[in-house]
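Okay, structure first, notes after.
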Amino acid sequence: MTSWTTIPKGIALPTFWRQRQTPRDDQPMADVIFFDLDGTLVDHRSAVLETIGQIVQAAPNAAAPPEELVTLWWTLEARHMREYLAGQCSFTEHHRRRLRSFLPMLGESVPESPALLDAWIAERYLTVFEESWRCYPDVRPCLETLKRLPRGPRLAVLTNGDPEQQRAKLARFGLLEYFEAVLTPTELGAAKPVAYATACRWMRTDPAQAVNVGDMLESDVNAAAHAGLTGIWLDRGIDRHRWTVADGRRNGAPHRTAHRPPRPPFTHERLTDSPGRRK
């Protein structure tokens, strides 16, 4: 396992597991570390699966088996999230579009009124979804270590999610205080994987002095590296072959796999990983 202190360009990153270690004077600390949110700080996947699982179990007239309905939800999320990120619809409308395709398979009629669709999302999806949010246990120890570092890097969240919902997640777990900025397509006018240069300008830093940490190999690591940042893959066990090579979009429900693909050079399974450990 590569230590976070031995990455390219002479950047010294915090060694989380050695809290008293500080970078050498001849190794400048990274200026900014960007963190992805969903799948990196907060377990989005499990929250969605728990929510849709409950909805499907309570649908006696469903037109497909539960596992097919869960996969359908992931597919619809991918399709309509792309439309939202492309500026083709609002975040609210992307939920409505998803629901119009999902309800017939659930055995329910589709309301004509957008207000009724919004009410369904609010009452039957978002209520359970928000209750199902979980922060990964390695997040706060990592952020606390970074916070205590002398001459430590500035931290920012870089996410493709809705700004209100993403800030609500961070606030729920008391994480907002750690970050100088929470950057979304609303602020930047662009989404990952093309938002890195804009994010660096927003943070007034050079890409060569910035690092991006995320769970998606293509959009969080390779795209960041292409933009001049250092990308670190937080491999939480989600099969990356479920994501398209172009931009990491979901092609269906991501799943955990015992057969992991080859790792990129800078890979960690937890934000508190120790060096030299490879599983």
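In what follows, residues are counted from 1 in the order of the sequence shown. Computed from a predicted structure; not experimentally measured. Computation of the quantities below employed the complete heavy-atom set of this structure, encompassing side-chain atoms and omitting hydrogens, waters and symmetry-equivalent molecules.
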* Check whether any side-chain N or O of Arg140 sits under 3.5 Å from a backbone N or O of Phe173 as a donor-acceptor pair, and report yes or no. => yes
* **Plane angle bin for Tyr125 and Trp73 - parallel if under 30°, tilted between 30 and 60°, otherwise perpendicular** => tilted
* Asked: Should Val128 and Leu126 be counted in the same cluster of Ile, Leu, Val, Met, Phe, Trp and Tyr side chains packed under 4.5 Å apart?
  -> no
* Structure fact -> Output for pair (Phe34 CZ, Trp202 CH2), nearest 0.5 Å, gives 11.5 Å
* CD (Glu177) with more than 12 external heavy atoms under 6.0 Å -> yes
* Between Lys147 (side chain) and Tyr178 (backbone), is there a donor-acceptor pair under 3.5 Å? -> no
* To do: Nearest 0.5 Å please: distance from the CD atom of Glu131 over to the OG1 atom of Thr127.
  => 6.5 Å
* Cys142 side, atom SG; Leu155 side, atom CG - distance, nearest 0.5 Å -> 8.0 Å
* Asked: Below 4.5 Å, heavy atoms only, C-beta onward: do Cys89 and His80 meet side chain to side chain?
  -> no
* Structure fact -> Rounded to the nearest 0.5 angstrom, the CG-CG distance for Asn222 and Asn212 is 11.5 Å
* **Qualifying residues under side-chain contact (heavy atoms from CB on, under 4.5 Å), relative to Thr92, sequence neighbours excluded** => Ser90, Arg96, Asp118
* **Asp220 side-chain N/O to Val213 backbone N/O, donor-acceptor pair under 3.5 Å** => no
* Atom pair CH2/CG of Trp233 and Asp215 - distance to nearest 0.5 Å -> 9.5 Å
* Structure fact -> Looking only at heavy atoms, the pair that brings Gly214 and Val221 closest together is O-CG2, 4.5 Å
* Is the backbone of Arg98 close enough, under 3.5 Å, to the side chain of Arg79 for a donor and an acceptor to pair up by distance? -> no
* What is the minimum heavy-atom distance between Leu103 and Ser109, and which atoms define it? -> CD1-O, 3.7 Å
* To do: Could you tell me whether Glu93 and Arg100 have a side-chain N and a carboxylate O separated by less than 4.0 Å?
  => yes
* Backbone N/O of Leu271 and side chain of Asp138: donor-acceptor pair under 3.5 Å -> yes
* Is there a side chain to side chain contact (heavy atoms under 4.5 Å, CB included) between Ile33 and Leu146 once you walk through the steps? -> CA-CA 10 Å; Ile33 300 178; Leu146 289 167; 4.2 Å; yes
* Check Glu180 against Met203 and note the closest heavy-atom contact, atom names and distance. => OE2-CE, 3.6 Å
* To do: Could you tell me which residues satisfy side-chain contact (heavy atoms from CB on, under 4.5 Å) with Glu50, sequence neighbours excluded, listed by chain and number?
  => Gln54, Ser132
* Criterion ring-ring contact (aromatic ring centres under 6.0 Å, His included) on Phe129 and His44, from CA distance to verdict -> CA-CA 9 Å; Phe129 177 60; His44 173 79; 5.8 Å; yes
* To do: Rounded to the nearest 0.5 Å, what's the gap from OG on Ser219 to CG on Asp36? Could you check?
  => 7.0 Å
* Backbone N/O of Ala47 and side chain of Trp133: donor-acceptor pair under 3.5 Å -> no
* Structure fact -> Closest non-hydrogen atoms of Ala224 and Gly231, given as atom of the first, atom of the second and distance, are CB-CA, 4.5 Å
* Asked: Does a donor on one side chain sit under 3.5 Å from an acceptor on the other, for Thr184 and Glu187?
  -> yes
* Going by the side chain to side chain contact (heavy atoms under 4.5 Å, CB included) test, name the single residue among Gln165, Arg45, Met216, Gln166 that passes it with Asp38. => Gln166
* Using the six-membered ring of Tyr136, assess whether NZ or CZ of Arg236 lies under 6.0 Å from its centre and within 45 degrees of the ring axis. => yes
* Co-members of Met81 in a cluster of I, L, V, M, F, W and Y side chains, linked at under 4.5 Å -> Tyr84, Leu85, Phe91
* Between the side chain of Thr40 and the main-chain N/O of Phe35, is any donor-acceptor distance below 3.5 Å? -> no
